[in-house]
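The basis for the numbers below is simple: all heavy atoms, side chains too, and nothing from hydrogens, waters or symmetry mates.
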Amino acid sequence: MMLKQNLRTMWKFKALYLIALPGIAYFILFKYVPLMGSVIAFQNYNIFHGVTGSSWVGLAHFEKMFSYPEFIRILKNTLLINLYDILFAFTAPIVLALMLNEVRKVVAKRLIQTIVYMPHFLSWVIISGIFIGVLSPSSGLINNFIQSLGYEPIYFLGDDSYIRSIIVGSGIWRDTGWGTIIYLAALAGINPALYEAADVDGANHWQKMWNITLPCLLPTITILFLLQIGNFLDFGFERVYVFLNPLNRVNGEIFDTYIYQVGLLQNQFSYTTAIGIFKSIVGLVLLVGANWLSRRATGNSLY
């Protein structure tokens, strides 16, 4: 009975299901099918023997991961860089969207939006080239300014104390403008009658932003924050790797770059797959926890 009802519903909305087919096929092929490869985390995987011919080792690679002396350092780097990214890179588009929303000149608003969108279309290789040039100790813009004040130049990419700030700062410069698109769309959907009523009551700009704009923006902020939390340990390989060198690797290396270094270059596929599973489990736990907290605190959640 239930099956017939579901089939009737699917036939009724067949056009929507047809449109969704390419997306469903994408997730099946590129997300769910590769999940089966996670089984090599429990094997001593040999590329010539394959999954069926490799020996099983149980949780040995997970035990190796937690006993590895560098694991805590890499976990700390990954957590700190992601935490800084959420604190600064996640909030930057919200602030920029609120500022752009206050610009009344349409031409100026469109010009600013175009300028801040442009870095998003640059690859991380180009972004790193720009930052390396700007931060160069010999000819960089920043060091020229520091030297004009009478101080010694700083080799920013050769000092591991700056690498986290550089990684997070480059992401803010590249993606803040692009991230404002959703927030500006949400701001455009706020009922103007709310602001008119606030004007009648004598509210100033700050009061209208605090009591109308931010509450109306909160559901969008919550959903995007939950999506960000789900990828908490999945920071991205390119974004970090282009800035790493032997002088800053201690504070800059994260799971994604470590997996590339050990998994692909040293052929430890099973070990790095175990690290990938660890990342996914942590992300799932954080997402479920944050979703539960958000539902209890604000009433907004992903599911």
Quiz item: Going by atom types only, do Arg8 and Gln5 share a side-chain donor-acceptor pair under 3.5 Å?
Solution: no
[X] vs [Y] aromatic rings, parallel, tilted or perpendicular, using cut-offs 30° and 60°?
X	Y	result
Phe88	Tyr84	tilted
Phe237	Tyr260	tilted
Phe71	Phe278	perpendicular

Quiz item: Is any side-chain N of the basic residue among Lys279 and Asp234 closer than 4.0 Å to the acidic one's carboxylate O?
Solution: yes
Quiz item: With the threshold set at 4.0 Å, does a side-chain nitrogen-carboxylate oxygen contact exist between Asp256 and Arg239?
Solution: no
Exercise. Just jot down the side chain to side chain donor-acceptor pair (under 3.5 Å) partners of Arg295, sequence neighbours excluded, or say none.
Key: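 With neighbours one apart ignored, the set is empty.
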May I ask you to decide if [Y]'s main-chain N or O and [X]'s side chain share a donor-acceptor pair within less than 3.5 Å?
X	Y	result
Asn191	Ala193	yes
Ser270	Ile40	yes
Ser148	Phe145	yes
Ser294	Ala290	no

Quiz item: side-chain contact (heavy atoms from CB on, under 4.5 Å) with Thr180: which residues, sequence neighbours excluded?
Solution: Pro93, Leu96, Ala97, Tyr117, Leu184
Quiz item: Considering residues at least two apart in sequence or located in another chain, which fulfil the side-chain contact (heavy atoms from CB on, under 4.5 Å) criterion with Phe30?
Solution: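 So Phe30 forms a side-chain contact (heavy atoms from CB on, under 4.5 Å) with Tyr26.
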Got [X] and [Y] here, is their nearest side-chain heavy-atom distance under 4.5 Å?
X	Y	answer
Ile221	Tyr183	yes
Lys208	Asp199	yes
Val242	Ile127	no
Leu135	Tyr162	no
Asn77	Arg73	yes

Determine whether the aromatic ring centres of [X] and [Y] lie less than 6.0 Å apart.
X	Y	value
Phe90	Phe225	yes
Trp178	Phe121	yes
Phe131	Phe156	no

Exercise. Report, as yes or no, whether the 6.0 Å neighbourhood of atom CH2 on Trp56 holds more than 12 heavy atoms from other residues, nucleotides or ligands.
Key: yes
Quiz item: When hydrophobic residues are tied together by side-chain contacts of less than 4.5 Å, even through go-betweens, does Leu233 share a cluster with Ile281?
Solution: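 Yes, one cluster joins them.
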